[in-house]
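The block underneath contains the structure these notes are about, expressed in structure tokens.
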Amino acid sequence: MLFLKASFLACAALLLSSSFAAPAPQKSNTTNVLYPDLLEATTDELAEGLKKGLFTSVDLVNAYTARILEVNDTLRAVVEINPDALSIAAELDAERKNGTKRGPLHGVPILIKNNIATADKMQNTAGSYALLGATVPRDSFMAAKLRRTGAVILGKTNLSQWANFRSFNTSNGWSAYGGQTLGAYFSNQDPSGSSSGSGVASSVGLALAALGTETSGSILSPCDANNLACVKPTVGLTSRDLVIPISEHQDTVGPMARTMKDAAYLLAAIAGQDPNDNYTSAIPFRDTPDYVAACRTDALRGKRIGIPRNVLPRSEELIPILDAFESAIALIREAGATIVDNTNFTGYEQLSNSMSPGIVLDVDFITDLPRYLSQLVANPTGVQDVEDVRNFTQRTPVEEYPDRDTGVWDEALDGLGFGNTDPRFWAAYQENLFLAGPLGLTGALANYSLDAVILPTSFAPFVPALIGTPVVTVPLGFYPPNTTVIPTDRGLSAVGPNLPFGLSFLGEKFSEELLIGLGYAFEQRTMVRETVQPLVLPVTELVDVVGMGTGMGRGGNYSSKER
Ligand SMILES: *[C@@H]1O[C@H](CO)[C@@H](O)[C@H](O)[C@H]1NC(C)=O
Ligand SMILES: *[C@@H]1O[C@H](CO)[C@@H](O)[C@H](O)[C@H]1NC(C)=O
Ligand SMILES: *[C@@H]1O[C@H](CO)[C@@H](O)[C@H](O)[C@H]1NC(C)=O
Ligand SMILES: *[C@@H]1O[C@H](CO)[C@@H](O)[C@H](O)[C@H]1NC(C)=O
Ligand SMILES: *[C@@H]1O[C@H](CO)[C@@H](O)[C@H](O)[C@H]1NC(C)=O
Ligand SMILES: *[C@@H]1O[C@H](CO)[C@@H](O)[C@H](O)[C@H]1NC(C)=O
Ligand SMILES: *[C@@H]1O[C@H](CO)[C@@H](O)[C@H](O)[C@H]1NC(C)=O
Ligand SMILES: *[C@@H]1O[C@H](CO)[C@@H](O)[C@H](O)[C@H]1NC(C)=O
Ligand SMILES: *[C@@H]1O[C@H](CO)[C@@H](O)[C@H](O)[C@H]1NC(C)=O
Ligand SMILES: *[C@@H]1O[C@H](CO)[C@@H](O)[C@H](O)[C@H]1NC(C)=O
Ligand SMILES: CC(=O)N[C@H]1CO[C@H](CO)[C@@H](O)[C@@H]1O
């Protein structure tokens, strides 16, 4: 839920060796007429095929399962496949035959991050062995919502362990339980995080889309790095019931998809009030807005869009992103929007040097994790709080301590140690709200009468995270093929040839309907996602599995890899 920013300056540059430039695998073209290509398949295409009986939900589960297994050894995006996925799909197929259609996601496979609990055979661990075998009393509200709309929960995706709230020297996409997830666009690509597996899985079509969670950047950043269209919803639009927390004030669950419209379908499925998460009582509408209908190509026309220039740093590595951002500004103007430049976040510098953002997360984690753990019905390791989890982590070798430290928890427990009803918490929280609000995003929106603000996605998460406002991101461009690789301390490629990046739209609380429209209009005018193909691609398509039925199961016999 918190993403680790690549430290551009601390990294030595490494010249690209030509051995990295492996050719992209040959893509099958046998999937044209009847079957959508699963790398780019949309909700509308899958719904149409299911409706016409061209393929079934069982076929989709078989195809996506094969794709997951094809790239498991290289990408490690999915840690577990739901052993019940085929039987659930068969039931949904029967229901459809019987005349019941639950909605556009009926029978469509979706992956969820491994911190969103399901009351089934799958684990919910946040990537830690401290929670292996732990069980919950019921599905999380997110899982229950997905099931009710007819989506098949196909599996759990890997994440930066504890949503990147453990260590100061770990890597994006690593967890003890799930190993190291990698991005698909370049050798050893840093997948970003913490919703790393959800991002990578969506980007190479291991399901229609995935759910991620964000505290500060953990949906937006992997969407940025993996060429996706995503929504980081307003805190309170989507319930955090039985989601392993960092911070009740900042956590949110959202869709990570390849297209804006798919993200809209998924958001519509998961948004809404939940008595088990009282932040959802702040939702200002009775009926969820029609996020799919908001996808209009003319949505930018007549809108006022601000640019908080003072948030953008200048550095050599950022030139491709900043250049693409300037082109985006021109394009948005052409689309009929008014650009208001220099709508700066006046409190940004003070905020950047403030301790308050860190204090809020540390203290919330100390407070909120025990609340999650207290709801477990089975808890084999018996961990009750952050202190227990630290102890477990430090003495369990597979957790890779001390190579990956527990610095975040040390800071929270030893440096602060108080809960979020303490006045010291309140002071930090109020400072965040003021600097990121009136002196930040909400101030800029009000002072310049803006509908939204745009930023390159790598600079978008921080301010909205502190005030719980929504952000939509869509693909913007790619680093050029001759880009010099910049590795992280653990050797992941954080900058490199063909690595994707995105554009973000930031708005007021509960303005998702507006932001989705803006994102969609931009996406449809640019369509940059498909201009670069991932290096690692599964090749199984529907044509390879249609009619195989439920007999295959996982680890089945797919012979399509050589095509
Ligand atoms: C598939 O690709 C081959 C080689 O590029 C081409 O000859 C053939 O016409 C294509 N088939 C279809 C159905 O597009
Ligand atoms: C991926 O590979 C690892 C290691 O071989 C294995 O433990 C894991 O179960 C695999 N994941 C899936 C989804 O099959
Ligand atoms: C089919 O519909 C009938 C009548 O609504 C219902 O009784 C039956 O359980 C349904 N079967 C399935 C597989 O959904
Ligand atoms: C939710 O409940 C907590 C604890 O009871 C309370 O502190 C908080 O103000 C409530 N939040 C909302 C949005 O109602
Ligand atoms: C906004 O920030 C930019 C970049 O730091 C700066 O050049 C500009 O003068 C600022 N504008 C206002 C109105 O503060
Ligand atoms: C850590 O766990 C060990 C083994 O359960 C226990 O003996 C020890 O007291 C624990 N230490 C702390 C500080 O909780
Ligand atoms: C991570 O930090 C710990 C504690 O400072 C240190 O022992 C370990 O060597 C570090 N690991 C790396 C890879 O830097
Ligand atoms: C909005 O205007 C108020 C009043 O002039 C000012 O204090 C604040 O800094 C402005 N905020 C932004 C982000 O422009
Ligand atoms: C990459 O190519 C572009 C255009 O050909 C050139 O301007 C740029 O200097 C090159 N960059 C590197 C790092 O070689
Ligand atoms: C599995 O694949 C092998 C090798 O292609 C083939 O001989 C065998 O018949 C297949 N088994 C099934 C159950 O399809
Ligand atoms: C559940 C799962 O996928 N576990 C694997 C995670 O990665 C480690 C290290 O690569 C493997 O050993 C696990 O089997």
Side-chain angles (χ1 to χ4, degrees), residues 4 7 10-11 61 64-86 109 111-112 114 121-123 125 127 129 132 153-159 161 166-182 197-198 200-201 204 206-207 210 306-315 318 322 325-326 339-350 352 390 393-394 398-411 414 439-440 443-444 447-448 450 453 455 459 487-492 538 552-556 558:
L4 190 69
S7 144
C11 299
V61 168
Y64 283 129
T65 298
R67 290 170 73 87
I68 290 168
L69 296 176
E70 275 185 68
V71 297
N72 183 36
D73 289 341
T74 39
L75 302 181
R76 287 201 188 289
V78 178
V79 276
E80 281 177 62
I81 293 169
N82 184 354
D84 298 323
L86 273 177
L111 290 160
I112 64 177
N114 194 12
K121 298 184 184 117
M122 291 191 287
Q123 301 284 341
T125 65
Y129 281 88
L132 195 63
I153 300 178
L154 180 60
K156 303 290 287 279
T157 57
N158 199 20
L159 70 168
Q161 196 186 34
R166 162 189 157 177
S167 174
F168 290 127
N169 65 359
T170 184
S171 45
N172 282 323
W174 179 88
S175 73
Y177 178 61
Q180 176 66 59
T181 297
L182 293 174
S198 293
V200 174
V204 297
L206 305 186
I307 300 165
R309 288 273 171 198
N310 68 325
V311 171
L312 296 175
R314 283 261 148 207
S315 81
L318 296 174
L322 296 174
F325 184 61
E326 293 309 320
I339 297 289
V340 188
D341 212 337
N342 288 310
T343 62
N344 294 354
F345 293 166
T346 46
Y348 190 71
E349 200 183 329
Q350 196 184 338
S352 304
R390 175 169 68 174
T393 300
Q394 294 186 346
V398 69
E399 295 284 326
E400 296 193 8
Y401 178 84
D403 182 52
R404 297 176 196 262
D405 66 26
T406 54
V408 176
W409 302 338
D410 301 340
E411 180 184 274
D414 308 337
L439 301 196
N447 292 359
Y448 301 97
L450 303 174
V453 149
L455 281 170
F459 304 105
T488 66
D489 290 346
R490 291 185 186 270
L492 301 180
M552 297 301 295
R554 57 181 303 186
Y558 305 98

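Start at 1 and go down the list; that is how both ligands and their atoms are numbered. All heavy atoms count here, side chains included; hydrogens, waters and symmetry mates do not.
- The only member of D341, L455, N342, T346 that meets side chain to side chain contact (heavy atoms under 4.5 Å, CB included) when paired with P308 is L455.
- Taking any N or O of E80, backbone or side chain, none lies under 3.5 Å from an N or O belonging to ligand 2.
- Among all heavy-atom pairs drawn from S171 and L492, the shortest one is CB-CD1, 3.9 Å.
- Under 4.0 Å is where a charged nitrogen must lie from a carboxylate oxygen, and between R390 and E411 no such pair does.
- On a distance-only criterion, D403 and ligand 7 share at least one N/O pair closer than 3.5 Å.
- For A77 against L206, the heavy-atom pair with the smallest separation is CB-CD1, 4.2 Å.
- Closest protein heavy atom to atom 12 (C) of ligand 5: N344 ND2, 3.3 Å.
- Heavy-atom minimum distance, L322 versus P313: CD1-O, 3.7 Å.
- When the shell of 6.0 Å around CD of Q394 is examined, it contains more than 12 heavy atoms from other residues, nucleotides or ligands.
- The residue R404 has no part lying near ligand 7, judged by heavy-atom distances below 4.0 Å.
- Ranking protein heavy atoms by distance to atom 6 (C) of ligand 7, first place goes to P402 O, 3.8 Å.
- Given atom 1 (C) of ligand 7, the protein heavy atom at minimum distance is N169 ND2, 1.3 Å.
- No donor-acceptor contact under 3.5 angstrom links the side chains of Q161 and T170, judged on distance only.
- Atoms of ligand 2 found under 4.0 Å from any heavy atom of L69, numbered from 1 in the order shown, are 14 (O).
- Of all protein heavy atoms, the one lying nearest to atom 5 (O) of ligand 7 is D405 OD2, 4.5 Å.
- For atom 13 (C) of ligand 5, the closest non-hydrogen atom on the protein side is N342 O, 4.0 Å.
- Residue V78 has at least one heavy-atom neighbour below 4.0 Å for each of these atoms of ligand 2: 11 (N), 13 (C).
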